[in-house]
Amino acid sequence: MLASCIVDLTHAFGPGQPRWSGFHDEQRESALSMENDGISADYHRLVGSWGTHVDAPAEMIPGGRTIDQLSPAELVLPLAVIDLSAAVAADPDRCLQWEDVKRWEADHGPIPSGSFVALRTDWSQRWPSQEAMRNLDGDGVAHTPGWTLEALRHVIVERAATAIGHETIDTDPGVYTSTDALSGTLPREDTRRQYACEAYVLDHDRYQVELLAHLDRVPALGAHIVVGVGKAHGGTAFPARVLALCPP
């Protein structure tokens, strides 16, 4: 697989970065120091869904596949990038509609089966500001873009995509994810309704990558994505180094 360039689609993570409001911040402490031990090593305490990360089906689906059960073939895929950035710049609540996908296919042809489909919104340019990434109004409602179920049905069912990804903290738009308590105490069915798009992806035994970066540097079609996620045994989500291999 030849590449004319390699684009890093990953944010460097660390304490204080943007995160879902139900998660604690990352904590780091020294395990060994160069001064005392001749080697530098740190303890990292963080949730699996941290920074640019993979969500496996098991995150929301009882009995679903975990991170270590994703096959190598699922982690190196043709990449299709659907650009919604201009519309999102005009309206941060804008979501990817079925009609947007059809317009993309009119220009580029049908989304190839087995692809990784990434939604470009340029929201990653707000990183590393938690305030800018969440974009809350005076009532505490987040105004962030996302997917719609209609678009996901076309991508996953009609086009048989293997995985999806986006630049935002959540798959679903902020007006849905921030309208009830985000304390992590919602009943399971209420959580599934509030995060209906994410549940749809994982229900179909697909995985997703959240908090992607630099999709503006990748062509709409022709690149491949490499999802270098840590193989956490039984893990439901884990940070990943994600690369795009652009065509010659």
Side-chain angles (χ1 to χ4, degrees), residues 1-20 23-28 31 40-59 65-82 114-130 133 161-171 198 201-202 206-248:
M1 185 185 302
L2 298 177
S4 63
C5 68
I6 301 175
V7 179
D8 194 346
L9 304 181
T10 318
H11 293 292
F13 67 76
Q17 69 168 42
R19 63 190 184 276
W20 184 65
F23 293 146
H24 296 300
D25 198 1
E26 178 185 349
Q27 298 177 23
R28 293 188 189 183
S40 178
D42 293 330
Y43 292 109
H44 299 253
R45 185 180 185 275
L46 49 82
V47 68
S49 303
W50 192 247
T52 303
H53 67 274
V54 170
D55 293 327
E59 186 182 58
R65 289 189 300 156
T66 53
I67 290 291
D68 55 309
Q69 293 173 325
L70 300 176
S71 71
E74 292 175 274
L75 303 177
V76 182
L77 299 169
L79 176 61
V81 180
I82 301 177
S115 293
F116 185 109
V117 180
L119 172 57
R120 175 189 164 191
T121 57
D122 289 351
W123 208 255
S124 62
Q125 296 177 12
R126 295 167 175 252
W127 185 278
S129 168
Q130 170 84 331
M133 288 291 289
T162 294
I164 64 119
H166 40 270
E167 299 173 68
T168 46
I169 294 173
D170 292 307
T171 320
E198 180 172 357
V201 173
L202 304 181
R206 269 51 170 199
Y207 74 87
Q208 65 173 16
V209 179
E210 296 191 298
L211 292 169
L212 288 168
H214 304 142
L215 288 173
D216 57 319
R217 304 179 188 176
V218 182
L221 198 62
H224 281 73
I225 193 168
V226 179
V227 182
V229 63
K231 197 174 182 180
H233 179 69
T236 61
F238 208 74
R241 186 71 178 266
V242 184
L243 307 175
L245 310 181
C246 298

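One-based numbering along the sequence shown.
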Is it true that a side-chain atom of [X] and a backbone atom of [Y] form a donor plus acceptor pair closer than 3.5 Å?
{"X": "Thr52", "Y": "Leu212", "result": "no"}
{"X": "Arg206", "Y": "Ala161", "result": "yes"}
{"X": "Glu167", "Y": "Asp122", "result": "yes"}
{"X": "Asp8", "Y": "Leu243", "result": "no"}
{"X": "Asp25", "Y": "Gly16", "result": "yes"}

Does a side-chain heavy-atom distance below 4.5 Å link [X] with [Y]?
{"X": "Phe23", "Y": "Val47", "result": "yes"}
{"X": "Thr121", "Y": "His166", "result": "no"}
{"X": "Gln17", "Y": "Gln130", "result": "no"}
{"X": "Tyr207", "Y": "Ile67", "result": "no"}
{"X": "Leu211", "Y": "Trp127", "result": "yes"}
{"X": "Val226", "Y": "Leu245", "result": "yes"}
{"X": "Met133", "Y": "Ile169", "result": "yes"}
{"X": "Lys231", "Y": "His233", "result": "no"}

Residue pair His224, Leu79: steps toward the side-chain contact (heavy atoms from CB on, under 4.5 Å) verdict: CA-CA 5 Å; His224 281 73; Leu79 176 61; 5.7 Å; no
Classify the side-chain pair [X]/[Y] by whether it contains a donor and acceptor separated by less than 3.5 Å.
{"X": "Glu210", "Y": "Ser49", "value": "no"}
{"X": "Thr168", "Y": "Asp170", "value": "no"}
{"X": "Thr66", "Y": "Glu59", "value": "no"}
{"X": "Asp42", "Y": "His44", "value": "no"}

Locate the shortest heavy-atom distance separating [X] from [Y]; write the atom from each residue and the value.
{"X": "Gly48", "Y": "Pro239", "value": "O-CD, 3.3 Å"}
{"X": "Pro219", "Y": "Cys246", "value": "CD-SG, 4.0 Å"}
{"X": "Gly51", "Y": "Phe13", "value": "CA-CB, 4.3 Å"}
{"X": "Gly235", "Y": "Ala56", "value": "O-CB, 4.5 Å"}
{"X": "Ala244", "Y": "Val218", "value": "CB-CG2, 3.9 Å"}
{"X": "Gly114", "Y": "Pro78", "value": "O-CD, 3.9 Å"}

Would you sort out whether Glu198 and Asp55 count as a side-chain contact (heavy atoms from CB on, under 4.5 Å), showing the intermediate values? CA-CA 9 Å; Glu198 180 172 357; Asp55 293 327; 3.5 Å; yes
Yes or no on side-chain contact (heavy atoms from CB on, under 4.5 Å) for Ile225 and Phe116, after CA distance, side-chain angles and deciding distance? CA-CA 7 Å; Ile225 193 168; Phe116 185 109; 3.6 Å; yes
Inspect the surroundings of CZ in Arg45 and state if more than 12 heavy atoms from other residues, nucleotides or ligands are less than 6.0 Å away. no
Can you tell me how far CD of Glu26 sits from CG of Leu46, rounded to the nearest 0.5 angstrom? 5.0 Å
Run the side-chain contact (heavy atoms from CB on, under 4.5 Å) check on Trp50 and Arg19 step by step: do they pass? CA-CA 7 Å; Trp50 192 247; Arg19 63 190 184 276; 3.4 Å; yes
State whether Glu74 and Arg65 are salt-bridged, where the test is any N-O pair (Lys NZ or Arg NE/NH1/NH2 against Asp/Glu carboxylate O) under 4.0 Å. yes
Please work out whether the ring planes of His11 and His214 are parallel, tilted or perpendicular, with thresholds of 30° and 60°. tilted
